[in-house]
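Side-chain atoms are counted along with the backbone in the values below, which use heavy atoms only and exclude waters and symmetry mates. Throughout, protein chains are lettered first and strands after them, A, B, ... in sequence-line order, and every chain is numbered starting at 1.
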2 protein chains.
Amino acid sequence: MARKPKETPLVEVFAQNVRRLRMERGLSQEALAELAGVHRTYIGMLERCEKNVTIYNIERLAAALGVAPPVLLTSR
Amino acid sequence: MARKPKETPLVEVFAQNVRRLRMERGLSQEALAELAGVHRTYIGMLERCEKNVTIYNIERLAAALGVAPPVLLTSR
DNA sequence: GTGTGACTAATAGTCCGTC
DNA sequence: AGACGGACTATTAGTCACA
């Protein structure tokens with residue numbers, strides 16, 4: 001049968017995707033921050049779900065990670 | 001050949017999707033606002049790209065419209 | 001290289017209206 | 001039904017020093 005939806009909050013899905021994609025590319029939080037044009041500690045805050053990121057920063061992070069924005073909101 | 005990327009800003013893609021999906025469902029801005037638990041005037045602001053929506057509200061809007069969140073960030 | 005608390009500036013989001 | 005404005009509060013954006 002179909003599997004249980006599981007319902008992870010979207011901020012967590014986002015956080016996990018950012019961390020996973022960053023790791024896959026061998027980037028540090030600092031390196032990604034520079035690519036995305038945001039501050040070093042801000043990446044960490046997002047990965048820990050401490051900020052409720054806006055669509056504008058979702059777009060910038062997606063570009064820095066080289067993926068389409070919807071990818072960051074997609075559970076895997 | 002592959003088509004031109006076109007690069008519509010993500011906030012505009014989001015705005016267009018919200019408006020289109022809302023219309024398809026025959027909902028007024030007020031009705032959608034109530035379903036999503038946000039304020040009446042806020043839906044209008046989003047559709048006019050006047051606000052930089054947060055991921056939390058993307059999630060709520062997606063739920064209210066009955067679509068997966070990534071759908072709202074996808075160009076069509 | 002990352003987590004965390006503290007902090008200011010900016011803006012997300014609400015609520016009251018009018019057109 | 002929806003655009004738009006002003007005033008307001010809550011929260012995010014973004015930075016820093018330090019663990």
> Can you pull the salt bridge (charged side-chain N to carboxylate O under 4.0 Å, His left out) pairs that have at least one residue in residues 58-76 of chain B, sequence neighbours excluded?
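Matches after skipping sequence neighbours: none remain.
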> Anything under 4.0 Å to a heavy atom of chain A counts; send over the first and last such nucleotide of DNA chain D, read 5' to 3'.
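From 5' to 3', the first and last contacting nucleotides are D/dT12 to D/dC18.
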> For A/T54 and B/I55, run side-chain contact (heavy atoms from CB on, under 4.5 Å): C-alpha distance rounded to whole Å, both residues' side-chain angles, the deciding distance at 0.1 Å, then the answer.
CA-CA 6 Å; A/T54 58; B/I55 194 171; over 6 Å; no
> Looking at side-chain heavy atoms only, is the closest gap between B/N57 and A/N52 below 4.5 Å?
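Side-chain contact under 4.5 Å: no.
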> Going by side chain to side chain contact (heavy atoms under 4.5 Å, CB included), name the residues that satisfy it together with A/T41, two or more places apart in sequence or in a different chain.
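Scan of A/T41 (side chain to side chain contact (heavy atoms under 4.5 Å, CB included), adjacent residues dropped) gives A/H39.
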> Measure the distance from CG on B/N57 to C1' on C/dA12 and round it to the nearest whole Å.
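After rounding, the reported distance stands at 9 Å.
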> When the side chains of residues 44-51 of chain B are checked against the rest of the protein, which donor-acceptor pairs come out under 3.5 Å, sequence neighbours left out?
{"from": "B/E47", "atom 1": "OE1", "to": "B/R19", "atom 2": "NE", "distance (Å)": "2.7"}
{"from": "B/E47", "atom 1": "OE1", "to": "B/R19", "atom 2": "NH2", "distance (Å)": "2.8"}
{"from": "B/E47", "atom 1": "OE1", "to": "B/R22", "atom 2": "NH2", "distance (Å)": "3.0"}
{"from": "B/E47", "atom 1": "OE1", "to": "B/Q29", "atom 2": "NE2", "distance (Å)": "3.2"}
{"from": "B/E47", "atom 1": "OE2", "to": "B/R22", "atom 2": "NE", "distance (Å)": "2.7"}
{"from": "B/E47", "atom 1": "OE2", "to": "B/R22", "atom 2": "NH2", "distance (Å)": "3.4"}
{"from": "B/R48", "atom 1": "NE", "to": "B/G44", "atom 2": "O", "distance (Å)": "3.4"}
{"from": "B/R48", "atom 1": "NH1", "to": "B/E50", "atom 2": "OE1", "distance (Å)": "3.4"}
{"from": "B/R48", "atom 1": "NH1", "to": "B/E50", "atom 2": "OE2", "distance (Å)": "2.9"}

> With salt bridge (charged side-chain N to carboxylate O under 4.0 Å, His left out) as the rule and sequence neighbours excluded, what pairs involving residues 29-43 of chain B come up?
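Every candidate salt bridge (charged side-chain N to carboxylate O under 4.0 Å, His left out) pair involving residues 29-43 of chain B fails, so no pair, neighbours aside, qualifies.
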> Could you work out, with side chain to side chain donor-acceptor pair (under 3.5 Å) as the rule, every residue matching B/Y42, not counting sequence neighbours?
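With sequence neighbours excluded, B/Y42 shows a side chain to side chain donor-acceptor pair (under 3.5 Å) to no residue whatsoever.
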> So if I take the C1' atoms of five pairs at each end of the helix from C/dT2-D/dA19 to C/dC19-D/dG2 and get each local axis, what angle do the two axes make, rounded to 10 degrees?
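The end-segment axes of the helix from C/dT2-D/dA19 to C/dC19-D/dG2 are tilted 40° relative to each other.
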> Can you list, in residue-number order, the parts of residues 59-76 of chain B that come under 4.0 Å of DNA chain C, counting heavy atoms only?
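Correct list: empty, so none.
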> Rounded to whole Å, please give me the gap between CG in B/L46 and P in C/dT11.
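Interatomic distance, CG of B/L46 to P of C/dT11: 16 Å.
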> Can you name the closest pair of heavy atoms from A/I58 and B/L10 and give their distance?
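That would be CG2-CD2, 4.4 Å.
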> Between the protein and nucleotides 4-9 of chain C, which nitrogen or oxygen pairs come in under 3.5 angstrom?
none

> I'd like to check B/L32 versus B/V38 (side-chain heavy atoms, cut-off strictly below 4.5 Å). Are they in contact?
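A side-chain contact under 4.5 Å is absent here.
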> Going through the distances and angles, do A/V53 and A/V11 end up as a side-chain contact (heavy atoms from CB on, under 4.5 Å)?
CA-CA 8 Å; A/V53 68; A/V11 279; 5.8 Å; no
> Kindly write out the residues that satisfy side chain to side chain contact (heavy atoms under 4.5 Å, CB included) with B/A63, not counting sequence neighbours, or none if the list is empty.
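With sequence neighbours excluded, B/A63 shows a side chain to side chain contact (heavy atoms under 4.5 Å, CB included) to no residue whatsoever.
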> Starting from C1' on C/dA12, measure out to CD1 on A/I55 and report it in whole angstrom.
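It is 13 Å, rounded to the nearest whole Å.
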> Which residues satisfy the side chain to side chain contact (heavy atoms under 4.5 Å, CB included) test with A/A68, sequence neighbours excluded?
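Side chain to side chain contact (heavy atoms under 4.5 Å, CB included) list for A/A68, sorted by chain: A/P70, A/V71.
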> Does the side-chain contact (heavy atoms from CB on, under 4.5 Å) test come out yes or no for B/F14 and B/L73, once each step is laid out?
CA-CA 5 Å; B/F14 175 78; B/L73 304 193; 4.1 Å; yes
> Does a side-chain heavy-atom distance below 4.5 Å link A/L61 with A/V67?
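In short, these two side chains do not touch, never coming nearer than 4.5 Å.
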> Rounded to whole angstroms, how far apart are CG on A/L32 and P on C/dG1?
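Computing the A/L32:CG to C/dG1:P distance gives 13 Å.
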> Could you walk me through whether A/T74 and A/V13 pass the side-chain contact (heavy atoms from CB on, under 4.5 Å) check?
CA-CA 7 Å; A/T74 307; A/V13 172; 5.7 Å; no
> Give the residues of residues 16-30 of chain B touching DNA chain D, defined as any heavy atom closer than 4.0 Å, sorted by residue number.
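Hits under 4.0 Å, by residue number: B/R19, B/R22, B/S28, B/Q29, B/E30.
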